[in-house]
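Working notes, structure below.
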Amino acid sequence: MFAFFLCFFIGMWFRGTSIGDGIWTYLTRIVFDKKLPEFFDNQDLLLNEERHYPTSWGNVGYWKGTSSFPEAGENLAKELGYFANLATRDVILDVGFGMGQQFYIWLGYFHVNHCHGINISKAQTDYCRKHVLPVFKSKLDIFHGTIETVNLPNEMFTKVLVLDAIYHFSDKSKFFGMVFDYLQKGGVLAFTDMAIRTDKKLPFFVKHLLRLGGIPTVNQNTIDELKRSLSQQGYENIEVIDISPFIFDGFHQFLREFGHGQKSRLRPYLLLRYWMAAIFTKHLASKYIHYVMVKAKKS
Ligand SMILES: C[S@@+](CC[C@H](N)C(=O)[O-])C[C@H]1O[C@@H](n2cnc3c(N)ncnc32)[C@H](O)[C@@H]1O
C-alpha cells in the first residue's frame, strides 16, 4: 500500500515527463480500468450523442445562447474561424484536430482552400481517417504525430489554427517557433488557450490539478507571458481577447447534467475525468483562468 501511494505521488508530481506519465498511466490502469485508453481518445463521442446526426466535438464549447454540447463545440470553432479571418484562399495547418469535426467548419463553412491536420492521438486520427477524410478527399491531409514529428515544407501555410489544444502541447513557446517557419510571410497563427489570471504563483493544488488535466507547468502562462513569448519568436500584431464568460459556466452546467444522466454508462476513469473537469470549471476556473483567443502575424 505504501509503495502504491509513493508511486501515486511520484507519478502525479512528474506528470508531463515520460517517467511520470508512465507511472501515472500504469497506476490508473490498475485502479480504474484494465484497458486504459490513450489520454486523448474517442470517448468524447458520448458527449455528442444528443444530435440526430453524428458529430465528434471534444472542446470546452462556446456557450452563448446554447446548452447543447455539439452546438457549443461548433460555435467555438466558428468564433476562432472568424477571429482568424478565414478565407477561400487559405491553406491551413490545424494542430490538435480532435476527431476531425472542425474540418467541416474550416472546409465546409469557411470554404478554405486546403487543410493539413496533425494529431497526437492515434484513435482520433484513425476516426478522422475513417469518417471525415472521405468527405473532403483531396482537400484534406491528416497526420498522426506532433509538430515535432511531422515534417512539412517551410512557408507552406497561410494560417495555423489550434482549437482548444495548445495548452496540452509539450511546450507552447517552442511550438510558436516551429510553426513560424511553416507560415508564409503575412501568415497568421490563431488559437484558443487558457491563460493564468494572476501574476502570483498558482496554489500548489491548482498547478497540479492542471497538470493532471494535461496542462504542463511550462504552459501555465499569463496573458503578458504569452504575448512576450510570441513576440520573442518573431510574431507581430498580437491580439488577445478574453472569452471566459462564454466558456466555463456553460461547460460546467453541461457536465453536471451529463454526469447525472450518464453516471451508470461511464467507466470509472471517465467519470473521474468529467468529475474533475466539473469541479475545475465551477470552483477554480473563474478565479485562476482566462479562456482566450489569440492571433499573431508573421510579417
Ligand atoms: C481538448 S481536445 C480538442 C479537440 C478538437 N480540437 C475539438 O475542438 O474538438 C485536444 C486535442 O489536442 C490533441 N493534442 C494534444 N497534444 C497534442 C500535440 N502535442 N500535438 C498534436 N495534437 C495534440 C489531442 O489529441 C486532442 O485531439
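Both counts, for ligands and for their atoms, begin at 1 and track the order of listing.
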Within this structure, what is the CG-NZ distance for the pair Leu212 and Lys207, rounded to the nearest 0.5 Å?
13.0 Å

List the steps, then state whether side-chain contact (heavy atoms from CB on, under 4.5 Å) holds for Leu47 with Tyr274.
CA-CA 10 Å; Leu47 306 179; Tyr274 292 140; 3.8 Å; yes

Filter the ligand 1-protein atom pairs down to N or O on both sides and distance under 3.5 Å, then list them.
{"from": "ligand 1", "atom 1": "6 (N)", "to": "Gly96", "atom 2": "O", "distance (Å)": "2.9"}
{"from": "ligand 1", "atom 1": "6 (N)", "to": "Gln102", "atom 2": "OE1", "distance (Å)": "2.8"}
{"from": "ligand 1", "atom 1": "6 (N)", "to": "Leu163", "atom 2": "O", "distance (Å)": "2.9"}
{"from": "ligand 1", "atom 1": "8 (O)", "to": "Asn59", "atom 2": "ND2", "distance (Å)": "3.0"}
{"from": "ligand 1", "atom 1": "8 (O)", "to": "Gln102", "atom 2": "OE1", "distance (Å)": "3.4"}
{"from": "ligand 1", "atom 1": "9 (O)", "to": "Gly58", "atom 2": "N", "distance (Å)": "2.8"}
{"from": "ligand 1", "atom 1": "22 (N)", "to": "Ile120", "atom 2": "N", "distance (Å)": "3.3"}
{"from": "ligand 1", "atom 1": "25 (O)", "to": "Asn119", "atom 2": "OD1", "distance (Å)": "2.6"}
{"from": "ligand 1", "atom 1": "25 (O)", "to": "Gln124", "atom 2": "OE1", "distance (Å)": "3.4"}
{"from": "ligand 1", "atom 1": "27 (O)", "to": "Gly98", "atom 2": "N", "distance (Å)": "3.1"}
{"from": "ligand 1", "atom 1": "27 (O)", "to": "Asn119", "atom 2": "ND2", "distance (Å)": "3.3"}
{"from": "ligand 1", "atom 1": "27 (O)", "to": "Gln124", "atom 2": "OE1", "distance (Å)": "2.5"}

Which residue pairs pass the side-chain hydrogen bond (donor to acceptor under 3.5 Å, both in side chains) test with at least one member in residues 150-166, sequence neighbours excluded?
Asp90-Thr158, Asp90-Lys159, Asp164-Tyr167, Asp164-Tyr291

Taking the six-membered ring of Phe191 as reference, does the NZ or CZ atom of Lys295 fall below 6.0 Å from its centre and within a 45° cone about the axis?
no

I'd like to check the ring-ring contact (aromatic ring centres under 6.0 Å, His included) partners of Phe180; sequence neighbours left out, ordered by chain and number.
Tyr235

Identify every side-chain donor-acceptor pair in residues 246-256 under 3.5 Å, counting partners at least two apart or on other chains, and give the distances.
{"from": "His252", "atom 1": "ND1", "to": "Ala278", "atom 2": "O", "distance (Å)": "3.0"}
{"from": "His252", "atom 1": "ND1", "to": "Thr281", "atom 2": "OG1", "distance (Å)": "3.4"}

